[in-house]
There are 2 protein chains.
Amino acid sequence: MEAREFKNFAYGHFTKISKALSSPRRFELLDYLAQGPKTVERLAKETHMSVANTSQHLQSLREARLVVSSKVKNHHYYELADNEVAELLQLTKRLAERQFPDMGEVRTMETTAGGSVPVISSAEALEDLASGRAVLIDVRAEDEYASRHLTDAVSIPLSQLEEKLEQLPVGKKVIAYCRGAYCLYASDAVRVLRGRGFEAYRLDEGPADSAISREIDADGREIR
Amino acid sequence: MEAREFKNFAYGHFTKISKALSSPRRFELLDYLAQGPKTVERLAKETHMSVANTSQHLQSLREARLVVSSKVKNHHYYELADNEVAELLQLTKRLAERQFPDMGEVRTMETTAGGSVPVISSAEALEDLASGRAVLIDVRAEDEYASRHLTDAVSIPLSQLEEKLEQLPVGKKVIAYCRGAYCLYASDAVRVLRGRGFEAYRLDEGPADSAISREIDADGREIR
DNA sequence: TGTCTATTCAATAATTCTCTTGAATAGATA
DNA sequence: TATCTATTCAAGAGAATTATTGAATAGACA
């Protein structure tokens, strides 16, 4: 193998990874998959894409070895192939936000749009949780909570928030989180809660970012 | 801004980063830039690309905020915009090598082709260096050494190796490194040295990977 | 001032990627 | 067995990306 041929081989493989990450649709799919395994149909619904297109993107992700699939009954479940894929997503997001300052601005504008969405830092949240001054709620779908969630978080999917309000302690802070900084569920939850008199905050992270304490996986084991 | 519009905005920005990394040529350019600032001409020569094409790629890298340029006389120097860019390169390489097992095989085949290129681990190298049983040489170009190198390394560019052989202590191991695992300079150096009777080894990393001890930047300060 | 050099710009053809559509498959259910 | 459902496959139009070429710019140097 010639030196140039070798380089083409190596760089060709490296860029298989980044090529797969280079479509906004695929990046979004991976971002959802970072919350846990999902079927093609579910992913199509969440990203508002056609099933055929979703399947096609998932296949190119599989070719790039970023996801793996398994079959249960006649559903195909897709999930991230490696924890380093989640790291890659995170690093890319962090870099984008650092290098394009308007991104951060638009994000805070958007996540706090509609007013009354105070954000709490993970450090402060940890203190409040440790001292019992606050409760932590996970407003994502139930299966996402089941697959992995932050320690001590209670699952209250956004869709069931109204009917489960009585489960929340009066007089304590309520800290909500969802998929991460670019997911809007937690903000919606905070607005609902504030409307009902709760002192609610949005945690500026999701479990895949995991700067806060530990996480718990599907088997109840602590991660990391 | 609508929710979907917001997602398009966010994912569009994330993928600017990965799009920029998704061309083998650009990945290679970044890989060279991880060794230190370089002019367009120099990069074009090292990658065997036309100057116009190099310039064009550099510009799309600049748009993606992965590199920045500065002007000295009538040369334009390009360099990585942020240390996280180097991390991103590294993570991508590591993931590729893990997910495509044949990559690692081809690499060791290639870097040891021609025979007699034993590799030494960074842990073992550290011991040998600490105890004085070995010397460490950096066989990259001088300016790459100047911009950043491993602690205690001596600069002996591959092109000057033959004439500087007398600088090397007889009876000690000689450990050579270059840009990293996919650069062939160190292997060439080891073959030359072995041909002259030295007990030479290739270090399986470069300064940008920095698993070994510390590095020293252009001002002589330790990094990290 | 004129000439030289390094870099960028602009236009082009070849290639590759994206999304849509409709058909095909394969397993579950009745 | 037939039917349904979830997923994949195949083909095509439209858009974006790549490398090439030659011209344009802008600063250095004589």
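Chain A is the first sequence line, chain B the second, and so forth, proteins listed ahead of strands; every chain is numbered from 1.
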Report task. Report the distance from atom NZ of B:Lys38 to atom P of C:dT7, rounded to the nearest whole Å. Result -> 14 Å

Query raised in the report: Which heavy atom in A:Tyr78 sits nearest to a heavy atom in A:Leu33, and how many Å separate them?
Result: O-CD2, 3.3 Å

Report task. Using a cut-off of 6.0 Å, state whether more than 12 heavy atoms not belonging to B:Tyr11 lie near its atom OH. Result -> yes

Hey, what are the protein-to-nucleotides 22-30 of chain C N/O distances that come in under 3.5 Å?
none

Report task. Have a look at A:Arg4 and tell me which of B:Glu110, B:Glu46, B:Glu28 forms a salt bridge (Lys or Arg N to Asp or Glu O under 4.0 Å) with it. Result -> B:Glu28

Query - Integer-rounded Å distance: C:dA14 C1' and B:Asn53 CG - result: 14 Å

Query raised in the report: In this structure, are over 12 heavy atoms from other groups packed under 6.0 Å from B:Phe27 atom CZ?
Result: yes

Requested in this report: Taking atom types as modelled, find out whether B:Gln59 and B:Ser55 have a side-chain donor-acceptor pair closer than 3.5 angstrom.
Outcome: yes

Query - Nearest-nucleotide 5' precedence on DNA chain C, A:Ser50 against B:Arg42 - result: B:Arg42

Report task. Describe the nucleic acid contact of A:Tyr78 in one word from base, sugar-phosphate, nothing, applying a heavy-atom distance below 4.0 Å. Result -> sugar-phosphate

Report task. Would you mind reading off the distance between A:His48 atom NE2 and C:dC19 atom P, rounded to a whole angstrom? Result -> 15 Å

Query - A:Arg26 side chain vs A:Lys19 backbone, donor-acceptor pair below 3.5 Å - result: yes

Report summary line: Between CE of B:Met49 and P of D:dT20 the distance, given in whole Å, is 8 Å

Report task. Residues of residues 56-63 of chain A with any non-hydrogen atom less than 4.0 angstrom from an atom of DNA chain D: list those, numerically ordered, please. Result -> A:Gln56, A:Gln59

Query raised in the report: Mind checking what makes side chain to side chain contact (heavy atoms under 4.5 Å, CB included) contact with B:Val154, not counting sequence neighbours?
Result: B:Ile156

Query raised in the report: Does any pair with a residue in residues 135-146 of chain B pass salt bridge (charged side-chain N to carboxylate O under 4.0 Å, His left out), and if so which ones, sequence neighbours excluded?
Result: B:Lys38-B:Glu144, B:Arg42-B:Asp143, B:Asp138-B:Arg140, B:Glu144-B:Arg179

Requested in this report: Could you identify which residues of residues 21-33 of chain B place a heavy atom less than 4.0 Å from some atom of DNA chain D, listed by residue number, or say none?
Outcome: B:Ser23, B:Arg25, B:Arg26

Query raised in the report: Of all residues at least two apart in sequence or in a different chain, which pass the ring pair (Phe, Tyr, Trp, His ring centres under 6.0 Å) check with B:Tyr182?
Result: A:Phe14

Query raised in the report: Using a cut-off of 4.0 Å on non-hydrogen atoms, how would the nucleic acid contact of A:Thr54 be classed: base, sugar-phosphate, or nothing?
Result: nothing

**Report entry** Any A:Ser55 side-chain N or O less than 4.0 Å from OP1/OP2 of D:dT7
**Finding:** no

Query - Salt bridge present between A:Arg107 and A:Asp204 (N-O < 4.0 angstrom) - result: yes

Query raised in the report: Just wondering, are more than 12 heavy atoms of other shown residues or ligands nearer than 6.0 Å to NZ in A:Lys45?
Result: no

Query raised in the report: A:His76 NE2 to D:dT5 P: how many Å, rounded?
Result: 17 Å

Query raised in the report: Rounded to whole angstrom units, what separation is found between the NZ atom of A:Lys19 and the C1' atom of C:dT15?
Result: 11 Å

